[in-house]
There are 2 protein chains.
Amino acid sequence: MQLERQLRKAGFRVTRARRVVAAALATAGRPLSPAEVLAAARRGHPGLGRATVYRTLNLLVRVGLVVPRPGPGGVRYSLASEGMHRLVCRNCGAERLLADCPAGGLAEELARRYGFQVEGHLLEFYGLCPDCRRRAKP
Amino acid sequence: MQLERQLRKAGFRVTRARRVVAAALATAGRPLSPAEVLAAARRGHPGLGRATVYRTLNLLVRVGLVVPRPGPGGVRYSLASEGMHRLVCRNCGAERLLADCPAGGLAEELARRYGFQVEGHLLEFYGLCPDCRRRAKP
DNA sequence: AGTTAGTTGAGACATTGTATCATTTAGGGT
DNA sequence: ACCCTAAATGATACAATGTCTCAACTAACT
């Protein structure tokens with residue numbers, strides 16, 4: 001399992017809380033706010049604490065498994081493996097996933113140039129969705 | 001001025017608070033947290049209120065002038081015109097700006113395909129900076 | 001199974017963001 | 001230049017969000 005490897009490699013333990021938080025993000029299939037993660041994760045672990053969710057989300061970000069994303073109404077988290085290419089409406093926050101991306105091949109180039117170990121990327125286009133566009137017309 | 005046009009076009013007023021907040025972001029040259037914006041903006045407008053900063057940042061995002069960016073320690077805001085291509089370390093949050101980008105030409109394609117009016121984009125590569133990379137070695 | 005350091009949950013606390021409302025102000029009309 | 005009005009502001013109270021501490025628990029090594 002991805003989660004287990006990533007945690008172990010970085011010297012962290014694989015705990016129930018961490019498994020259940022990762023699972024919540026995986027099954028949701030969309031970015032979740034910390035509060036939503038807590039609610040979802042409690043279905044598989046009723047006693048889960050709020051502080052632990054925050055701690056775990058931060059940890060999963062550091063470990064590279066999860067990516068934080070801003071939006072109207074606060075930050076949301078999603079698995080780093082899904083939906084890294086999207087259109088997002090700056091007005092209403094609507095999102096639309098893109099199939100794929102023209103930036104894939106740059107990883108080695110960047111590693112060479114900056115000594116950065118690139119593991120993933122996020123490509124977002126900002127603008128207005130069809131609805132907001134129409135509404136903003138006049 | 002960019003600010004004035006963008007606000008007027010969307011039917012909002014151009015006020016002292018808005019000017020001073022935008023100026024704070026412009027002169028900072030790096031993403032600022034709301035608290036930092038407040039502090040910076042108060043230099044040019046001592047009586048500025050906290051609530052107004054939040055209101056203004058959200059407004060400038062909706063209007064497309066400012067972009068929110070998550071990171072260790074909360075969301076930060078920067079002008080949409082600067083630094084939209086970067087390397088960011090998932091561990092310590094260090095950033096490195098990139099000169100330019102391979103995704104520029106996609107705007108029309110996306111407009112055609114999805115009816116989206118693309119105004120800008122964000123391309124971020126995630127991974128480990130040289131320092132964190134070394135430290136994570138063992 | 002025993003040991004121990006990493007992790008957790010509860011709750012207090014601090015910080016950050018929002019709603020309300022009286023007062024001020026931008027900016028169009030006259 | 002001066003009104004007029006709706007939009008915007010600042011203060012305050014409030015709600016939500018995130019952090020810290022610490023005793024209890026547990027993953028994982030032996």
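Proteins come first, then strands; the chains are lettered A, B, ... in the order of their sequence lines, and each starts at number 1.
Nucleic acid contact class of A/A51 (heavy atoms, under 4.0 Å, all strands): base. A/R19 comes within 4.0 angstrom of nothing in the nucleic acid, heavy atoms only. Here B/G47 lies in heavy-atom contact (under 4.0 Å) with sugar-phosphate atoms only. Within the 4.0 angstrom heavy-atom criterion, base atoms lie near B/R50.
In this model, no donor atom of one side chain and acceptor atom of the other lie less than 3.5 Å apart for B/E4 and B/Q6.
If you take CZ of A/R76 and P of D/dG18, they are 11 Å apart, rounded to a whole angstrom. As rounded to whole Å, 15 Å separates atom P of C/dT24 from atom CZ of B/R16. In this structure, B/L7 places its CG atom 17 Å from C1' of D/dA6, rounding to the nearest Å. In this structure, the CG atom of B/L3 is 14 Å from the P atom of C/dA26, given to the nearest Å. The separation between A/E36 atom CD and D/dA16 atom P is 15 Å, rounded to whole Å. The nearest whole Å value for the distance from the CG atom in B/L38 to the P atom in D/dA11 is 11 Å. Protein atom CG of A/L32 is 14 Å distant from nucleotide atom P of D/dT17, rounded to whole Å.
Side chain of B/T15, nearest nucleotide from D/dT9, C/dT7, D/dT17: D/dT9. Side-chain proximity of B/R13 to the nucleotides C/dT8, D/dC20, D/dA6 is greatest for D/dA6.
Between D/dA27 and A/R18, no contact under 4.0 Å exists linking OP1 or OP2 to a side-chain N or O. Between A/Y54 and D/dT19 there is no side-chain polar atom (N or O) within less than 4.0 angstrom of OP1 or OP2. Contact annotation: B/H45 side-chain N/O to D/dT9 OP1/OP2 distance is not under 4.0 Å.
Screening residues 14-27 of chain A for side chain to side chain donor-acceptor pair (under 3.5 Å), with sequence neighbours left out, gives no hits.
Nucleotides of DNA chain C nearest to B/N58 and A/L48 differ in position, and the one nearer the 5' end is that of A/L48. Taking for each of B/R8 and A/V53 the nucleotide of DNA chain C with the nearest heavy atom, the 5'-most of the two is the partner of A/V53.
In the interface, the side chain of A/R55 is paired with the base of C/dG9 through a donor and an acceptor atom under 3.5 Å apart.
Heavy atoms only, all atoms of each residue included: B/L128 and B/C132 are closest at CD2-CB, 4.0 Å. Looking at every heavy atom in both residues, A/S78 comes nearest to A/R86 through OG-NH2, 4.3 Å.
Salt-bridge annotation for A/R113 and A/E108: absent, with no side-chain N of the basic residue lying under 4.0 Å from a carboxylate O of the acidic one.
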